[in-house]
S.K.: 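First, the structure itself, so that you have it in front of you.
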Amino acid sequence: MDLKFGNSRKYISISIPSKSDTMSPHIKSVDDIRVLGINLSQFQKTVQFFICVTGVFVFYLIYGYLQELIFSVEGFKPFGWYLTLVQFGYYSAFGLVELQLTQDKRRRIPAKTYMIIAFLTVATMGLSNTSLGYLNYPTQVIFKCCKLIPVMIGGIFIQGKRYNVADVAAAVCMSLGLIWFTLADSTVAPNFNLTGVLLISMALCADAVIGNVQEKAMKLHNGSNSEMVLYSYSIGFVYILLGLSITSGLGSAVAFCSKNPFQTYGYAFFFSLTGYFGISFVLALIKIFGALIAVTVTTGRKAMTIVLSFLFFAKPFTFQYVWSGLLVVLGIFLNVYSKNMDKMKLSQILTLLKKGPEGKTRTFSQTV
């Protein structure tokens, strides 16, 4: 509000800034969302959704195959943290290259926030990779799928979200299906280790928090995907390097990988490349549709990863896997349908994709 005083009279001039004027000076367009150099803003919401989902499935299915392949190398299982270090190094390099290809190279999200995100990312990926030294791959993936409930709890406490009955029912169906799957796996191919369960559970908690923190940071500061990847993984690389140096776990890992360079560093390069591409699409999903939708998509991808794991790597099989998988699919369906409950028609589920969360965007909290 501007107050102006004349010689003979006092008058008040009120100017209301436009929506673009009230934004941060770093923000050129709220709707400008790029993934791997592609501007998704030029597409409709439905097309954006299917592009992101396709990217998540394609790249992360290859990622999962390569991850299991690396840990199938004899003697590699104790070096999960070193694999995470190499992976973070590749991610930082990829993020730097992508950021250099963009016009706006300024950092928008505060460094303090990135330090928190980096710590959560290290916990998520490091503990997850290390758990493969104690658990078989399908069991690890099943545990990772259970993060839907922690994400909902994190959304309530971190962003003040509220979830309806259908969302809760979806989470319950997914969890029951995943528990059933785990019990079946323990029966036909017991490879359970308490250390592995503890590691993947800790990774699960960190993974549940990080989606909400990323969503809040990216929407508040309009940070780009390449910026998020570069700073969070480069800071995380320093965390892991310091940790391995203190615990003296660096020398033995380097010695082992130097004897098998292609099966370690070579696989790790393609493993990291596909993972980096997959992360870019996940971040786009978070930014456009929210953390819960992103988790639902990645949960479906993990179910497909389990199927491919049984196809490419020899494992015992039971039909209990099928029934538990169908229960998880039911949970995913309920979650998507809950976003369109006001229409009460199955044929209109796709309206969710046309609306997106920004139809009723809140800066600090969002009712879902």
Side-chain angles (χ1 to χ4, degrees), residues 24 26 33-37 55 59-60 63 66-67 70 79-130 202-203 206-207 209-247 249-250 253-254 257 264-287 291 294:
S24 167
H26 298 302
I33 301 174
R34 293 183 177 273
V35 179
L36 304 181
F59 290 117
Y60 267 119
Y63 173 91
L66 291 173
Q67 185 180 32
I70 292 173
F79 306 121
W81 277 109
Y82 184 72
L83 173 63
T84 309
L85 176 70
V86 174
Q87 186 178 6
F88 272 54
Y90 281 134
Y91 280 1
S92 300
F94 297 154
L96 180 61
V97 171
E98 184 178 2
L99 191 63
Q100 295 304 313
L101 297 177
T102 61
Q103 294 181 350
D104 190 355
K105 302 178 179 61
R106 293 173 293 181
R107 176 173 56 83
R108 300 174 182 177
I109 299 175
K112 186 177 181 180
T113 302
Y114 274 127
M115 294 180 70
I116 298 174
I117 293 176
F119 177 79
L120 294 171
T121 306
V122 168
T124 298
M125 300 182 65
L127 294 172
S128 177
N129 285 339
T130 306
M202 293 170 62
D207 201 11
V209 175
I210 193 173
N212 289 285
V213 175
Q214 285 176 336
E215 178 182 358
K216 187 174 181 178
M218 293 178 74
K219 287 186 176 180
L220 181 60
H221 303 283
N222 197 41
S224 65
N225 293 350
S226 55
E227 175 196 335
M228 174 68 71
V229 171
L230 172 61
Y231 286 100
S232 59
Y233 283 96
S234 58
I235 296 174
F237 178 87
V238 176
Y239 288 166
I240 301 173
L241 183 61
L242 290 175
L244 288 176
S245 300
I246 294 173
T247 58
L250 195 60
V254 172
C257 292
T264 53
Y265 294 116
Y267 288 170
F269 172 78
F270 294 106
F271 165 71
S272 302
L273 183 64
T274 54
Y276 175 79
F277 290 159
I279 284 174
S280 298
F281 285 103
V282 170
L283 289 175
L285 272 176
I286 292 174
K287 191 171 184 179

S.K.: Leu230 versus Arg107: any side-chain heavy-atom pair under 4.5 Å?
M.R.: no
S.K.: What distance do His221 atom NE2 and Thr113 atom OG1 have between them, rounded to the nearest 0.5 Å?
M.R.: 5.0 Å
S.K.: Is there a donor-acceptor contact under 3.5 Å from the side chain of Thr130 to the main chain of Gly126?
M.R.: yes
S.K.: Could you state the interatomic distance from CD1 (Ile109) to OG (Ser232), rounded to the nearest 0.5 Å?
M.R.: 9.0 Å
S.K.: Not counting sequence neighbours, which residues clear ring-ring contact (aromatic ring centres under 6.0 Å, His included) with Phe271? List them please.
M.R.: Tyr63
S.K.: Could you list the residues that satisfy side chain to side chain contact (heavy atoms under 4.5 Å, CB included) with Phe119, not counting sequence neighbours?
M.R.: Tyr239
S.K.: Just so I know, are the side chains of Val86 and Tyr91 near enough to count as touching, which here means a heavy-atom distance under 4.5 Å?
M.R.: no
S.K.: Can you name the residues that form a side chain to side chain donor-acceptor pair (under 3.5 Å) with Ser128, not counting sequence neighbours?
M.R.: Gln140
S.K.: Quick one: side chains of residues 240-247, donor-acceptor pairs under 3.5 Å with protein atoms, not counting sequence neighbours, listed by atom name and distance.
M.R.:
unit_1 : atom_1 : unit_2 : atom_2 : d
Ser245 : OG     : Leu241 : O      : 2.7
Thr247 : OG1    : Gly243 : O      : 2.9
Thr247 : OG1    : Leu244 : O      : 3.4

S.K.: Would you name the heavy atoms of Leu83 and Ala268 that are closest together and state the gap between them?
M.R.: CD1-CB, 4.0 Å
S.K.: Might you point out which heavy atoms bring Ala123 and Ala206 nearest each other, and give the distance in Å?
M.R.: CB-CB, 3.8 Å
S.K.: Would you say the side chain of Tyr233 lies within less than 4.5 Å of the side chain of Gln87, judging by non-hydrogen atoms?
M.R.: no
S.K.: Identify, with sequence neighbours excluded, every residue that meets side chain to side chain donor-acceptor pair (under 3.5 Å) alongside Tyr114.
M.R.: Glu227
S.K.: Is the distance between the ring centroids of Phe269 and Tyr90 under 6.0 Å?
M.R.: yes
S.K.: Could you work out, with side chain to side chain donor-acceptor pair (under 3.5 Å) as the rule, every residue matching Thr84, not counting sequence neighbours?
M.R.: Asn129
S.K.: Just how far is it from atom CE of Met228 to atom OG1 of Thr121, taken to the nearest 0.5 Å?
M.R.: 8.5 Å
S.K.: How many angstroms lie between CE in Met202 and OG1 in Thr124, if you round to the nearest 0.5 Å?
M.R.: 10.5 Å
S.K.: Please list all pairs meeting side chain to side chain donor-acceptor pair (under 3.5 Å) that have one or both residues in residues 264-275, counting only residues at least two apart or in different chains.
M.R.: Tyr82-Tyr265
S.K.: Atom CG of Leu250 and atom CZ of Phe79: how far apart are they, to the nearest 0.5 Å?
M.R.: 11.0 Å
S.K.: Supply the atom-to-atom distance Leu96 CG to Tyr231 OH, rounded to the nearest 0.5 angstrom.
M.R.: 9.0 Å
S.K.: Tell me, do Val238 and Phe88 make a side-chain contact under 4.5 Å, heavy atoms counted?
M.R.: no
